[in-house]
Every structure is written in structure tokens, then in C-alpha cells.
Amino acid sequence: MTNSFDDIPFFGDEDEPAARKPQAPGERPQAAAGGLGIAARAMAARGGQREAPDYLSGLNPEQREAVEKTDGPVLVLAGAGTGKTRVLTTRIAHILATGKAFPSQILAVTFTNKAAREMKERIGMLVGGAVEGMPWLGTFHSIGVKLLRRHAELAGLRSNFTILDTDDVVRLIKQLIQAEGLDDKRWPAKQFAGMIDTWKNKGLLPADIPEGDARAFANGKGRELYAAYQARLRTLNACDFGDLLLHPIAIFRKTPDLLKEYHQRFRYILVDEYQDTNTAQYMWLRLLAQRPQGVPQNVCCVGDDDQSIYGWRGAEVDNILRFEKDFHGAKVIKLERNYRSTEHILGTAGHLIAHNEGRLGKTLFTDRVNPDDEKVMVHAAWDSEEEARAIGEEIERLQRGDGIPGSEGKKHALNDMAILVRASFQMREFEDRFVTLGLNYRVIGGPRFYERLEIRDAMAYFRLVCQPADDLAFERIINTPKRGLGDTTIRYLHDYARARDIPMLQAAADIVETDELKPKPRKALFDVVQSFRNWSQRLESTPHLDLAEQILEESGYTDMWKADKSAEAPGRLENLKELIRSMEAFESMRGFLEHVSLVMDAEQNENLDAVSIMTLHSAKGLEFDTVFLPGWEEGLFPHQRALDEGGRSGLEEERRLAYVGITRAKRRCHIWFVSNRRIHGLWQSTMPSRFLDELPQAHVDVAASETNYGGYGGRGGYGQSRFDKADPFANSYSTPGWKRAQANKTDATRDNWGSRSGHSIERIGYGESGPRGRTIDGELVAKSVADVPSQFSVGDRVFHIKFGNGNISAIEGNKLTIDFDRAGQKRVLEGFVERA
DNA sequence: AGTTTAGTGATTTTT
DNA sequence: TCACTAAACT
């Protein structure tokens, strides 16, 4: 490989000075050593070969191999709690310390900003902070932006393009749907935004989407609408999140020379959470990582197939399973030594996840065994209210320090406890309970700061000041606060701007010079235009914090909330102050906007001691001493919809979710299920989750019933099983999958369920001989979308449990369009019908 | 134009 | 049930 960075002008801005020109492989960057805190030590160590540099000590042999095998493709399968982040950061430190690359020659990709931040901090600690940042460490999206800003013109954009968030996208699509003369009620913009997102996750441009998909929306105009959307983005000089990946991919494909330059630049590539990559990210990565034959591909992907829980939003576990094929001669390193959890927790999680097929197969172990370690506990409660009450009590007990074996009297901080739920509606009951108990709690992953109305309004003002062509921002705030610029005026402006292909703010500036508008709106519009002119001028001269404040004051936006008498108004004003405070960390308003468009989360208050409540999904990557896992009931967990829509692979993803949940626990894990839960307002009796049957007896205890209730299908007269009802089908709330399961139930499964319902709670959780066979009704419901040819053909007469008899009029994958005799035309999943 | 009412739909979520 | 959205009032 040759080093030709000096010849590439646009790299100049961040490259090391010429004197520190990177070395060819094998050579050492002598000059660079001075800039790297640990480099000298590392090089000294290399001289004496035997003694390892400090940062390598304390790694186990597998971790150490993952760190030291820097050249060639490496796949690190890092189980939960096996020191994954440590390996990644140490590996980067090692590459730097041994002088194999400069910080600017390492591409390190994460999924979330949080992970990126954490990695930066930890590398800083290892390397002694001497390496100021790594320019190419970030999320897929933030690196995508960086690439795209440099080469925007190759994607038909200007480099100051704006990044639209979901809200903007939906509004834009709505406009397009209306412009097409379509009914925006029949074709919801939100749904189409979701479809576009799905396509972009798969790397599909309008020309690439499957015909069926294209026809399924907007009277068959799906493809045209998608294309119109892309065209509109271009004229707006804007990107959505998907474009941040797709544009670079397109650029690299059509400009091989440019790609080559990046190949030379990125000597080492690292990817975190590889199991979560979607097809677009995978394409992006392959472009950057795959090298011509004979050139080493120094790519290291770290992930855990057992923690892949984002399949529903396009993640492809296949990417990790396929790594060895994609990168020839790949070294696969498994990290299985767990530093987080007790053997009971690991044993439980391991036994559960072993029920999945199609995994690479790891078994976590620990040798830190303590006789005081508590087994995983399974508890039953009558209903969700009791579940919340009992968990609340347990939390208070732990907080007081009662009855914690091995740590008598020691208090358990609330910060080290978490309740992990499958669906966010479950949180409410806990919140209600904790409010009455006066127990501090913190909900993680709720509505986010930057998604709040007032924040988005304020941001729209800032956006328009920095980017006068931002029509979406213009439309958002032109009449907020009320200025008497109603629909008619805005529509007129819109049409005027579109006709001349100019931004709306420009259109407004033109129009106020004419007498097209009535005096009132004209005056109002004139004032707004003047204000924006003013603010834009101050952009360079006024400190951005002051300017932000002035904008919100002068526009009347803060006054609007001050005048508002509603309960939330003071909070909103507070949020606006917080917004301005948070701008302090940035150099300019533009810098701030860039950050916010990519970082939608805001920091949480860490000082408060509080129990965390969050979904299982947002718990990935976290750990707690004590974890509560409520709601392990069929239909909720595994979720019925995952079963209906994902079939067996859906079930397996749910099981991985359960695995993620259990492995968050360091010392204590309490699983709960209830016999009755309110779903959509109606009480439903529920069955214990099949996952409970998949837990190993050796590591699990079932709690004795804490009340007279509890337990499932008891003979004591409580907890009626559905089978006791005169007609289990009568309940209109039972789901299609459930009905189907009922309809197709074989004798074997009937026995299975029958026996379960007869067991007392002490038995729940165990079959007669450990874990039972895999799926029960997972197989009875819809088959996976994946390439299963339909067993039906057009014209077939079929029966649907809800809609009755009908004829198939079209088939797309596993979706059938059926003309029902009574119910009319419906699209249903193949799994829900049978031959009539 | 702002408020009231009817309708709807209801996992998981980052960027 | 309940929360959010769109249209129908006043």
C-alpha cells in the first residue's frame, strides 16, 4: 500500500503535519510517538518483547487475542458482560500505541451516540488524552454526515444541507400525498414514512423497491411517491436519516477513485454491535472495508448474535452469521468469560437462549461462584396491580437492606435496580405505585427532550436563521406564535415559491413588496421577513447564546408561553431555558443544530437515587445489581404481534429479548407473571410465558405464593383459564394468532396446556423433565416472510376465522388479498387462513 | 380561530 | 381504557 495522503487536498485539514507522515506498514511512526501518551511505553515493551504494555494486563487470553490480532478480518463474538467495550477500546489504543495508524486513520462505528461518547472517553483514558479525539469515531449516521458534507455535490446537494427528523419527513410526505390529489386519510403519511424508512434500511432506492411494495400504497403510486419525495428532498437541499447512509453508498459506487482514497485512509475499521447492522449499513461497510485481493482487510466487527433484538427495524443477524464468508480468512474469537453476573443468572439465561436455532453458539461462564448467590426467582401475581405492589415492596425491602444474604444490613441503592418491561404501557402501573409509595424512579427512553413541541418550534427558528431555504422550518413557525397568517396565506406562499422554485422565505420577501396580500397579513409577513433578515445578519457577529435568546424574545415565542395559562406552560419555558443552556457547549448555532439533528437524547440526572424503569430494548448494554422482569405472559412476552408477524424468527427474537433482560442482572433477577392483565381496557386472563418453561430448574426458584391469588388457572376458583369459558372464541379481543392456535390445536398441545393449567404455581416453570420442545403456537401462526412459497394460489377458496369464507384475489409473499363473501376485500397474512 | 367531539388504534426505537 | 388525531362546531 502506498501512502498518498499528501496528495489529497481535502484530507489536509485534519492530517498530521507533514513531518509526521504516516509510515508504511512495518515502519514505526517515530514522530507520532511524542503525541501519544502510551506509545513510548508500548514501544519500549516491544523492544523487550516479554513484558506487555500496561493496557494489556488484566485481559484474559481471548480478549487479548482480540486486541492484538490487528491485521486481517476479525469477528469478536462477545457475549453479554464479557468485556466487549474494553476489547474495542483497548484494541484502538493498541493500534495507536504500536504506531500502526494515526487516530485519523481509524474508522470506528457505533450505533448510538452514547456508545460513541463512551468509547471516546475510554480511549482517552487509556491513551492519556493526548490524542485529541478520533475524527472518524462515531455513529453510522454521524460519519455519514461527515462524508456527505465533504462530497455533497456528488449527491446533488450543497454541503450545508439540512437533516430532517421524522416529524419533518411526515409533514413533507403529507404535502406530497395531497399534491398528488390523494386522500391523506386513506393513505396516512406516517405509514408511508415508515415504508420509506424500511426501504432505505434495505438500501433500496425508488427504482429498486419490489413491485408489490410499490403497488401497496397510494393506489399503486408508491414508487412515484417515493421518487417524488426524493426529488423534493433534493430541491429542499435536505436529507433524511436513511439518506445519510444511502448517499455515501451511491457516491462511493459512482466514484471509485474517491472510494480508493478512503480505502487508503482507513487502515483499521472497527464496528460495534455488528448484529444490529441493517442492509444499508452493511453495504456501506462492505464498500469501505473490502479491499482488492492481496490487500489486508483490517476490519474488526464485534457483536453478539444472541442480543440481536432489532430485526423489526431492519437489522440483519445474517450479517454477523455471514462474516466469515464476506471477509475471507476471518479470525473468529469468542468471548465467553462473563464478568457481570452470578452463575445462576448465567445458567438461566444460557439455558433459555439454547432454545433458539440458528445461533453461532456461545456459553457464558464465570468462576466467581459464591454460595450466597441467589437463584433467579419466578413469582406469580393475581394481576398487574399486585405485581407492581409486590415489586415495590421488594424494592423497599432491598433498599432498607433487609434479608440480603451475604451483605447483612447493607443498603441497596435504587440506582442499582431496574424494572425492565416488554412494552411501555406496563410502566404506568409501576409509576402509579411508586408515586404513592414516594419511591424515586426514573423512566428511561420516554418522550425525548428534542421531540418536545416547544423545543422543536425553537429549533425551527434557529434552523431558518441558519438555513433560509429550510421550508419545513418556515412552515412550522410562520404562524407560531399566531400572526394571523392562516392557511390561505401559507398556501399562497407555498404555491408562489414552488412555481418559481425559490425558498418560501424568499417568496415571502418578494410578496411583501407587492400588493398581492391584504394589508394585515402583508404587514405581519413583512415583520417576520424583516426579523429573519435581522437575525441572519447577527449570526456572525452576535454570540450564538445571545442570538438564540434574542430570536425567541423578538419573535414573541417566549411571550406566547408566558401568556399561556395551561399547566404545562411553565415547564415549556423551563425547557426553552434548558435548550439555550445546552447550546453553550457548542461553538456556533450551526454546530449546535448539526449535533441536535443527530443526537436526539439528552442527559439524565444521575445524582438522584432512583429505580430505573425502561423497556427491555433500551436496557441493552446496561447492567444492574437487581433486575425485575414483569409481565412474562403469553401474548405480552412473547408478544403476540411478534409471533403473528415474525413467526418462528419473531419468537426467537423475543427469546433473545428475554435473554438480554436476564443478562442485565449482576446479582439478582426476579421474573414475574400475572393471571390477569388489562389489555386495551378489558381484563384478560393470561397464560404464563412459554419462556418460563424454558428456564432451568437448577438455577431457578419459584416463590411461594405471596397472596391467596396468584398462579394460573387455579382450581380454587380464581384465575379462570380461557378454556373454562363457555366459548373462548366469543371474546372479540382475542387475537387472530390466538384463535388460530385454538383452531389448530392438536391433541398434544391441548394436553400440554391442559396439564399446565392444572399445575400449582410451585410447578410452573418446569416441565416434567426440564425444558420442553421449542415452539408451541409459534409454528401455528404466520410463517416467516422469508422465501416460503405460498401454499395458496389466486382463486383458492379459503376460510378466515374472523372474516369467514372468501376467494384469494392476489398473493404477495405471505400476504393474501382476499375477497370475503361478507367482509369484503381484506389483506391478511397467509397463516390466518385455511382452505375452505 | 379555538374548542369540542368523534374516531381510531394500541410493541419494541435509533439516527 | 385511554390517549391522540382529525373534523365539526360555535
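Protein chains get the first letters and strands the later ones, always in sequence-line order, with residue 1 at the start of each. As the structure is a prediction and not an experimental result, all values here were calculated from the model.
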Take atom [atom1] of [X] and atom [atom2] of [N], then tell me their distance rounded to the nearest Å.
X: A:Met427; N: C:dC2; atom1: CE; atom2: P; value: 19 Å
X: A:Leu657; N: B:dT13; atom1: CG; atom2: C1'; value: 12 Å
X: A:Phe425; N: B:dG9; atom1: CZ; atom2: C1'; value: 14 Å
X: A:Glu429; N: C:dC2; atom1: CD; atom2: C1'; value: 14 Å
X: A:Asp167; N: B:dT14; atom1: CG; atom2: P; value: 15 Å
X: A:Phe140; N: B:dT15; atom1: CZ; atom2: C1'; value: 12 Å
X: A:Phe241; N: B:dT14; atom1: CZ; atom2: P; value: 11 Å
X: A:Gln426; N: C:dT1; atom1: CD; atom2: C1'; value: 16 Å

(request) Decide yes or no, distance alone: a donor-acceptor N/O pair under 3.5 angstrom between the base of B:dT12 and the side-chain of A:Arg422. (result) yes

(request) Taking only heavy atoms on the protein side, list every residue of residues 616-623 of chain A lying under 4.0 Å from any atom of DNA chain B, sorted numerically. (result) A:His617, A:Ser618

(request) Could you tell me whether A:Glu654 contacts a base, only the sugar-phosphate backbone, or nothing, with contacts defined as non-hydrogen atoms closer than 4.0 Å? (result) base

Checking [X] now: which residues fulfil side-chain hydrogen bond (donor to acceptor under 3.5 Å, both in side chains) with it, not counting sequence neighbours?
X: A:Asn160; value: A:Asn237
X: A:Asp304; value: A:Gln307, A:Lys362
X: A:Lys523; value: A:Asp527
X: A:Asp272; value: A:Lys84

(request) Mind listing the closest non-hydrogen atom pair of A:Leu485 and A:Pro521 along with its distance? (result) CD2-O, 3.6 Å

(message) Tell me the closest heavy-atom pair linking A:Gly484 and A:Asn479, and the distance in Å.
(response) N-OD1, 3.3 Å

(request) Applying side-chain contact (heavy atoms from CB on, under 4.5 Å), run through A:Leu420 and A:Thr615 and close with a yes or a no. (result) CA-CA 5 Å; A:Leu420 311 181; A:Thr615 63; over 6 Å; no

OP1 or OP2 of [N] versus the side-chain N and O atoms of [X]: is any pair under 4.0 Å?
X: A:Thr615; N: B:dT13; answer: yes
X: A:Ser424; N: B:dT12; answer: yes
X: A:Asn113; N: B:dT15; answer: yes

Does the side-chain ring of [X] lie flat on the base of [N], meaning centres under 5.5 Å and planes less than 30 degrees apart?
X: A:His141; N: B:dT15; answer: no
X: A:His680; N: B:dG9; answer: no
X: A:Trp312; N: B:dT12; answer: yes

(message) Does the protein touch nucleotides 3-10 of chain C at the base, only the backbone, or not at all? Give it as B, S and - per nucleotide, heavy atoms under 4.0 Å.
(response) S--SS---

(message) Suppose we screen for ring-ring contact (aromatic ring centres under 6.0 Å, His included). Which residues come up paired with A:His617, at least two apart in sequence or across chains?
(response) A:Tyr310, A:Trp312

(request) Apply ring-ring contact (aromatic ring centres under 6.0 Å, His included) to A:Phe161 and list each qualifying residue two or more places apart in sequence or on a separate chain. (result) none

(message) Looking only at the side chain of A:Leu598 (C-beta and beyond, no hydrogens), which of the listed nucleotides B:dT15, B:dT12, B:dT14 gets closest?
(response) B:dT15

Under 3.5 Å between N/O atoms: give me all the protein pairs with nucleotides 1-5 of chain B, atom names plus distance.
none

(message) Tell me every residue that passes salt bridge (Lys or Arg N to Asp or Glu O under 4.0 Å) with A:Arg476, counting only those two or more places apart in sequence or in another chain.
(response) A:Asp167, A:Asp457

(request) May I ask you to check whether A:Glu634 and A:Gln640 show a side-chain donor-acceptor distance below 3.5 Å? (result) no

(request) Return the set of residues passing side chain to side chain contact (heavy atoms under 4.5 Å, CB included) with A:Met583 (not counting sequence neighbours), or none when no residue passes. (result) A:Phe462, A:His544, A:Leu545, A:Ala548, A:Met589, A:Phe592

(request) Any pair with a residue in residues 162-187 of chain A that passes ring-ring contact (aromatic ring centres under 6.0 Å, His included), sequence neighbours left out, goes on the list, sorted by first then second residue, please. (result) A:Trp187-A:Phe217

(request) Using the P atom as the reference point in each nucleotide, state the distance between B:dT12 and C:dA3 in Å, no decimals. (result) 15 Å

